[in-house]
**Q** 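Once you've had a glance at the structure underneath, I'll fire off some questions.
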Amino acid sequence: MSRIMRFHIITIFPNMLDSYFAESIISRAVESKLIEIKTYALREYTKDKHRRVDGKPYGGGPGMVMWVDPIISCVDKIKKNLSRKKNLKIKIILFSPGGKQFTNTIAKNISKKYTDIIFICGRYEGIDSRVKKILKTEEWSVGPYVLTGGELPAMICVDTISRQVKGVLNDENSLEETRIASHEIYARPEIYEYNKKKYKVPKVLLGGNHKLIDEYRSKKQNKTASK
Ligand code: SAH
C-alpha cells in the first residue's frame, strides 16, 4: 500500500488556500487519504499581544519583514504533532522569488522521498533570514516574477507534487512522463465552425493508426512537461 503524503502550509491567509484544495482532483485525493493538507494560521503562533507577525527591517529599507519566532514556533508545533508517527521524512521549504526553480522533476523526487512537506509562505518584503539558517530549509521559486506572497506558490507545489503521488490521477497514463504528451489535443466535434471558417481535427487522429498517431504526437510534443 502506498503511504499518505502530508502537506503543512504556514501562512497568514489560510482561507486563500482552502477553496482551491476543496475542489476536483486534489479534494478527491484528500478524501481518499492519499494526501493530507493542513494550513496553519501564523498569527496563532505569535507572542505579540496584537497578533502581529512582522516588523520593520534592521538597517532600514521598504516594507516589513516576517519575524523569526512565530514561524519557528509553528514549525516546532507541527514537528511535535508528528513526532509519534513512524518513518517520518520531513522537508521544509521556504518560498522566495530568488530560490531554486521548482520543476516537475523536483515534484517527482519529493513525492518519492518524503512523508511530510512544510511550506512557509512569505508576505511583505519576505522572511527574517534566520528562519532559513535555523531550519536549514531549501528555498524554492515558482518562476521568474515576484508575487505578493507565497500562497500561490504553495498551491502550485501541492498540486504538482500531489499529481505524482500514486493513485491521485485516476489514470496513471495521464502523467506526462509515461507517454507522449502533445500540446495539440482535440475532442468533439470533428469540425468546429466559427465566423464561417472551419476548424478541423487533424486527420491522423481520426484514423486509429496508433503508430502514425504516436509519430504525430512526438512531433507536437510538450517538451517542458517531462523536465
Ligand atoms: N522583496 C522581496 C519580495 C518578497 S515577495 C524579494 O525581492 O525577495 C513576498 C513573498 O512572496 C516572498 O517572501 C515569497 O514567499 C513569495 N513569493 C513571491 N514571488 C515568488 C516566486 N516567484 N516564487 C516563490 N515565492 C514567491
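Ligands are counted one by one from 1 in listed order, and the atoms in each one are counted from 1 as well.
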**Q** With a 4.5 Å heavy-atom cut-off, do Thr11 and Met16 have their side chains touching?
**A** no
**Q** Indicate every side-chain donor-acceptor pair of residues 119-126 with a distance under 3.5 Å to a residue at least two apart or in another chain.
**A**
| from | atom 1 | to | atom 2 | distance (Å) |
| --- | --- | --- | --- | --- |
| Arg123 | NE | Glu151 | OE1 | 3.1 |
| Arg123 | NH2 | Glu151 | OE1 | 3.0 |

**Q** Side chains of residues 17-33: which donor-acceptor pairs under 3.5 Å do they make with residues two or more places apart or in other chains?
**A**
| from | atom 1 | to | atom 2 | distance (Å) |
| --- | --- | --- | --- | --- |
| Tyr20 | OH | Asp159 | OD2 | 2.5 |
| Ser27 | OG | Ser24 | O | 3.2 |
| Ser32 | OG | Arg28 | O | 2.8 |

**Q** Which pairs with one or both residues in residues 49-72 pass ring pair (Phe, Tyr, Trp, His ring centres under 6.0 Å), sequence neighbours excluded?
**A**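 Qualifying pairs: none.
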**Q** Need the list: ligand 1 N/O atoms against protein N/O atoms, distance under 3.5 Å, rounded to one decimal.
**A**
| from | atom 1 | to | atom 2 | distance (Å) |
| --- | --- | --- | --- | --- |
| ligand 1 | 1 (N) | Glu125 | OE1 | 3.1 |
| ligand 1 | 11 (O) | Gly149 | N | 3.4 |
| ligand 1 | 15 (O) | Phe95 | O | 2.8 |
| ligand 1 | 15 (O) | Gly122 | N | 3.0 |
| ligand 1 | 19 (N) | Leu147 | N | 2.9 |
| ligand 1 | 22 (N) | Gly143 | O | 3.0 |
| ligand 1 | 22 (N) | Tyr145 | O | 2.8 |
| ligand 1 | 23 (N) | Val142 | N | 3.0 |

**Q** So does Tyr186 have more than 12 non-hydrogen atoms from other groups sitting under 6.0 Å from OH?
**A**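 Yes, enclosed.
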**Q** In terms of side-chain geometry, is the basic nitrogen of Lys211 or Glu215 positioned less than 4.0 Å from the acidic oxygen of its partner?
**A**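 Salt bridge flag = yes for Glu215 with Lys211.
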